[in-house]
Amino acid sequence: MEQFIPGQRWISNTESELGLGLILDVAHKRVTVLFLACDEKRMYAQDNAPLTRVRFSVGDVIESIDEDKVTVTGLTEQNGLITYVGKDEDGQDVQLDEVELNHHIQFNKPQDRLFIGQVDPSAWFLLRYETWRRLQQHQQSPVKGLLGGRASLIPHQLFIAHESANRSAPRIMLADEVGLGKTIEAGLILHHRLINGLSNRVLIIVPETLLHQWLVEMLRRFNLRFSIFDEARCLDTYAEDDMLAEAEPDDDAADNPFLTEQLILCSQGFFSNYPRRQQQAIAAGWDMVIVDEAHHLEWSEQAPSPDYLFVEQLGRISPSLILLTATPEQLGKESHFARLRLLDPDRFYSFAAFVEEERLFEPVANAAKLLLAEEVLNEAAQQHLTALLKDDNVDGLLKNLNDPEQSAAARDALIKVLLDHHGTGRILFRNSRQTVQGFPERERYGYALTGAANTDDLQQDPRYVWLVDKVKQLAGQRRTGSQPVGGIHTLPGDKALVICKQAQTAIDLEQALKNRAGIASAVFHEGMSIIERDRAAAYFADPESAARLLICSEIGSEGRNFQFVHHLILMDLPTNPDLLQQRIGRLDRIGQKHIIQIHVPYLEHTECAVLYRWYDEGLNAFACNSSSAQQVADMLHDELAAVLDCKNPAAIDALIAKTQALSIELEAKMHNGRDQLLELNSCRKELADELIEQLNAYEKEGVLWPYMEDVFECYGVDTEFHSPDCFIIRPSDHLRVSHFPGLTEDGMTITVNRQIALAREDMQFMSWEHPVVTASMDMVLSSETGNAAISVIKHSDLKAGQFLLECLFIVECSAPAELQIGRFLPHTPIRVLIDQNKKDLSADIDHRDLVEAGIKFDKHKIIAFLSSQRPHLINILSVAEQKAKADMQQLVDEATQAMLESLSNEIKRLVRLKKVNPTIRTEEIEQLKDMTMLAHENIQAAQLRLDAVRFVITS
């Protein structure tokens, strides 16, 4: 071991960021080192100090304290201190004592770290290589951006997300029926855009009552942390009340609160009440704006509402705009046109022109219905199709419709041609429950109770008495023939979700059940913090917990998925059908495994008794979702209020009969008005099934958790088995970094199983797109972790006593995010293995075959050997680089070909569609052409960089 002498320069093996250390004192078997770059002093035991002597070689470029650069031509050593001889930047001969070296010098390049012996364990080198491989795989995955959502793999949702998120600037309307997951679709699109770097600044505008639902959905499902902005938040952002400022709104951009966050969630009411905030939001600029319940934005050609005009202004300055709205059948033509006008004002410029276009398209829609129903096309329908598709050469297809053997293929081909002609097919997505399968059945049970309500003493309230009996009854039940959800088995007996209007009612019920009946339950309402709600939901969801009920208030239950439960108890009923469907929707979701049992206890001769009959007999609302229910309720609002007030039996019967007739009439109109061609275009099943297959294949690989275990072991994170596919992770006392990204001191419970994640919301769903995973990969690759290593290995094809260099080069192609260049040429690792005779063994010996022999070695002797062999090793590195450059050129050529083929096909498709579909904009095609040219330039400019090197010794 080299002797420590005051004045020498050494570097810390464990804290390289300290810069060059200066030996101050050597005494009493201790060595004191001063790191001047950060003014830190360290004392080490001489015999095991984690230090490496800094000794530069001929050809190295070093830097003095004055930041003068010197190229080393020679060096002398006297009394253990080195003097470097070299030439400065002007070519003048200079000498530089090592004590005069710049204190900030760090050895970041892998070859520099190797030569000075600043090496990491081999496992870290393997981790670095695996990280690059996994990152490349993810970058090129066709489902990148769709992996990370905690959501079931539902075809129509995935299709919409994939179809729209990949556009240069999606401007679309999501108009699925209630319960089909418009919020999830918007979240999938948003998550995809953020993961791929296509959007950064996002504003979501929702009704006040849905603020919490959106906040929870975005965080719980997509790990997206939105900030809710209201007037108090805007005022808190700056010390002074800028509402009193006399300056113009855009005089000082620094006073714009909307510039302080990237992901912002606001209510429409907030903007309506504070017009000044509207101007600031517009001035802030957004990549994407999402508006929920957009049908509430009132519009007419003569007098559009201020709220509509505000969203219109936002739409003009934002490349992407997503509207979530009721179905077109519910909106009415004028309201529907108003939404389309926000998305594409050039295309939808006149309501009269829109109505005329719809009229002209009607025969086509009718023909499409016949084709989809596999009915015979009459002569008139065939003539309409021939006229419309005259440029598409469909005469042969029309003739084949009457040929039994070719009819099916001809129908499919004609439907695909019609889809291309569809006027709003690219900007409007609309799925119905009729076309989307997978919803559970419902059973309703009404319980007519005698007696009077008693909110002061619940024990005297018939509904409370009934609830206690029902809980005991459910506790004695066992599920028969049911399958565990995500591998989770429940305790004997069924749990139930209880919903009531008021938070105080929920609180009182929970207390009474616990204190008077000894029934454990959890309570969940809007007065609780998000953390408190999470704990309550987790306690209820835990199959081992004693909680038989979760008692929710109306608002408190919004945005939560309780599909692991199939009993719903409604302690009261709302007068709004949408609220009733929202309640049932907590359980009635795609993926629910059981028949939903809805229990409604009501007191005879009360409002609730009337509402029960009205919903059940008039709207059939307990049995199924009704698209017309809210419209019927709006039309009969006054009559319902009058009946609830008087409770006259004859008036109740008459109202129910009228409700039933009106509901049937409106449902029939809506069904006849359904645009089946649009629904078909809103979910191309073959494409959706392919996406699901790819996502399932990714998740079934089973490599994510082993990879993360290696990361956690490297950085000092403790892992503990929880249950199959579930683990607990916590920072240990030996954490290598001050804070492991995304991990709190208490740790977290995670699962890599999507089904378990859906059933257990108290667990984090870890995927390749989870923030902990992406931040971990970034931490590995942005640091020196594993970029220099020494290994002793055994291999049957290699003789003992040889040495090799295993080099990891990275092909880097930097390009603007909107090009999505990673689809064709992501950061790609190239592994090169060269032996001591400069022979390339990369193809002969696989990386995984270089297995550690488990033999300890004298690190100091190997470092001395590396120093003596430095010129030879530099030559080997040069050979490796030439090999890597040849491989890179092949990658560049393949990427160029793939890019040109992909983007050229897309350009040709859009040019062809534009001839028959006016929603294809010329700018979209021109932008795609520009992207193709830029992508070609960037791929050709790809660079090669040595990222890591391993010195391998054979035994």
Item to check | Those residues that, when tested against A661, pass side chain to side chain contact (heavy atoms under 4.5 Å, CB included) (two or more places apart) | outcome: none

Determine yes or no for a side-chain-to-main-chain donor-acceptor pair under 3.5 angstrom, with [X] supplying the side chain and [Y] the backbone.
| X | Y | result |
| --- | --- | --- |
| S723 | C726 | no |
| T751 | D725 | yes |
| R754 | G149 | yes |
| R430 | D176 | no |
| R444 | N620 | no |
| N454 | D461 | no |
| Q157 | L180 | yes |

Nearest heavy atoms of [X] and [Y], plus distance in Å:
| X | Y | result |
| --- | --- | --- |
| L497 | C552 | CD1-SG, 3.6 Å |
| R277 | F270 | CG-CZ, 3.5 Å |
| C608 | P601 | SG-O, 4.5 Å |
| A517 | Y464 | CB-OH, 3.8 Å |
| P577 | Y615 | N-OH, 3.5 Å |
| A609 | L603 | CB-O, 3.5 Å |

Tell me yes or no: between the side chains of [X] and [Y], is some donor less than 3.5 Å from an acceptor?
| X | Y | value |
| --- | --- | --- |
| Q473 | D469 | no |
| H296 | E298 | no |
| Q764 | H770 | yes |
| E208 | S267 | yes |
| N753 | R760 | no |
| S682 | N431 | no |

[Y] and [X], any side-chain heavy atoms less than 4.5 Å apart:
| X | Y | result |
| --- | --- | --- |
| L263 | S227 | no |
| Y447 | Y602 | no |
| E293 | Q268 | no |
| R586 | L568 | no |
| K495 | S545 | yes |
| N625 | D588 | yes |
| I204 | L190 | yes |
| F765 | I756 | no |

Next on the checklist: Which label fits W299 and Y308: parallel for a plane angle under 30°, tilted from 30 to 60°, or perpendicular past 60°?
Outcome noted: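 Answer is tilted, since the angle falls between 30° and 60°.
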
Checklist outcome for this item: When H594, R548, H599 are each screened for side-chain hydrogen bond (donor to acceptor under 3.5 Å, both in side chains) with H567, the one that passes is H599

Item to check | Given Q504, K501, E526, Q502, the one that forms side-chain hydrogen bond (donor to acceptor under 3.5 Å, both in side chains) with S553 | outcome: E526

Gap separating the [atom1] atom of [X] from the [atom2] atom of [Y], nearest 0.5 angstrom:
| X | Y | atom1 | atom2 | answer |
| --- | --- | --- | --- | --- |
| I596 | I598 | CD1 | CD1 | 6.5 Å |
| L655 | K658 | CG | NZ | 8.0 Å |
| M528 | R535 | CE | CZ | 9.5 Å |
| R220 | D762 | CZ | CG | 9.5 Å |
| E607 | L644 | CD | CG | 5.0 Å |
| M763 | L758 | CE | CG | 12.5 Å |

Next on the checklist: Working note: V565 + L550, criterion side chain to side chain contact (heavy atoms under 4.5 Å, CB included); need CA distance, chi angles, decisive distance, verdict.
Outcome noted: CA-CA 10 Å; V565 180; L550 179 64; over 6 Å; no

Checklist entry - With sequence neighbours left out, which residue pairs that include part of residues 616-638 fulfil the ring-ring contact (aromatic ring centres under 6.0 Å, His included) condition? => result Y612-F622

Checklist entry - Where do T455 and D508 land on the side chain to side chain contact (heavy atoms under 4.5 Å, CB included) test, with the steps shown first? => result CA-CA 9 Å; T455 54; D508 293 344; over 6 Å; no

Item to check | Within 6.0 angstrom of E441 CD, more than 12 heavy atoms from elsewhere | outcome: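 It does not: E441 CD has 12 such atoms or fewer within range.
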
Next on the checklist: Does R225, at its CZ atom, have more than 12 non-hydrogen atoms belonging to other residues, nucleotides or ligands within less than 6.0 Å?
Outcome noted: no

Next on the checklist: Before you tell me yes or no, could you show the steps for L449 and V465 under side chain to side chain contact (heavy atoms under 4.5 Å, CB included), namely the whole-Å CA-CA distance, both residues' side-chain angles and the distance that decides it to 0.1 Å?
Outcome noted: CA-CA 10 Å; L449 307 175; V465 176; over 6 Å; no

Next on the checklist: Would you say the ring centers of F226 and W214 fall short of 6.0 Å from each other?
Outcome noted: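 Judged by ring-centre distance (under 6.0 Å), F226 and W214 do not meet the cut-off.
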
Checklist entry - Would L666 and M635 count as a side chain to side chain contact (heavy atoms under 4.5 Å, CB included) if you check the C-alpha gap in whole Å, the side-chain angles of each, and the deciding distance to 0.1 Å? => result CA-CA 11 Å; L666 290 176; M635 294 171 71; 4.1 Å; yes

